[in-house]
Amino acid sequence: QIKKGPRPPVTGDAGQRMAELGITSAFVAQMEGAKHAMCPTHDMALRELLADFLRDPEKCPSIADRWDADGRLMDYLLWHATITPGQCSFASMASTEDLLAAAAAAA
């Protein structure tokens, strides 16, 4: 079972600073448990995230809200929060291992 819940008190993410700098469209994705390179642990979430962003970069602040409403993508999100409405949001992404384990448990 993938642990979900409210956003913990995270510091060090760029979302608040981007909002302060006036960036008008931003999405910060934290890959839970990843080291510097995300591909070995989060290839599924990273692939979906990049595809969504490249389809329409201006809509990136709503990625987490759209995924939360999508039955196929909602499992990728552990939690998410809006930093600046319509401009910047933040989400924590599940690892591929967690996603595959959850799918196997549900089968």
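- From D98, atom CG reaches atom CD of E32 across 9.5 Å, with rounding to the nearest 0.5 Å.
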**Request:** Could you go through the side-chain contact (heavy atoms from CB on, under 4.5 Å) check for M31 and L49 one step at a time?
**Result:** CA-CA 11 Å; M31 304 296 179; L49 181 61; 3.9 Å; yes
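- The minimum heavy-atom distance linking A64 with L77 is given by the pair O-CD1, 3.2 Å.
- A pairwise comparison of heavy atoms in D75 and A94 identifies O-CB, 3.9 Å as the closest pair.
- Residues meeting the side chain to side chain donor-acceptor pair (under 3.5 Å) test with R72, sequence neighbours left out: E48.
- Between the side chain of S89 and the backbone N or O of T82, no donor-acceptor pair lies under 3.5 Å.
- Note on ring orientation: taking the six-membered ring where Trp is involved, the planes of Y76 and W67 are perpendicular (angle over 60°, cut-offs 30° and 60°).
- Residues satisfying the side chain to side chain donor-acceptor pair (under 3.5 Å) test with D43, not counting sequence neighbours, are T96.
- Closest approach of C60 and F27 over heavy atoms only: O-CB, 3.4 Å.
- Residue M44 holds its CE atom at 12.5 Å from CE of M93, rounded to the nearest 0.5 Å.
- Take R66 and apply the side chain to side chain donor-acceptor pair (under 3.5 Å) test, not counting sequence neighbours, and it matches D52, S62.
- Residues satisfying the side chain to side chain contact (heavy atoms under 4.5 Å, CB included) criterion with L50, sequence neighbours excluded, are L46.
- Across all their heavy atoms, P57 and S25 have their closest contact at O-OG, 3.5 Å.
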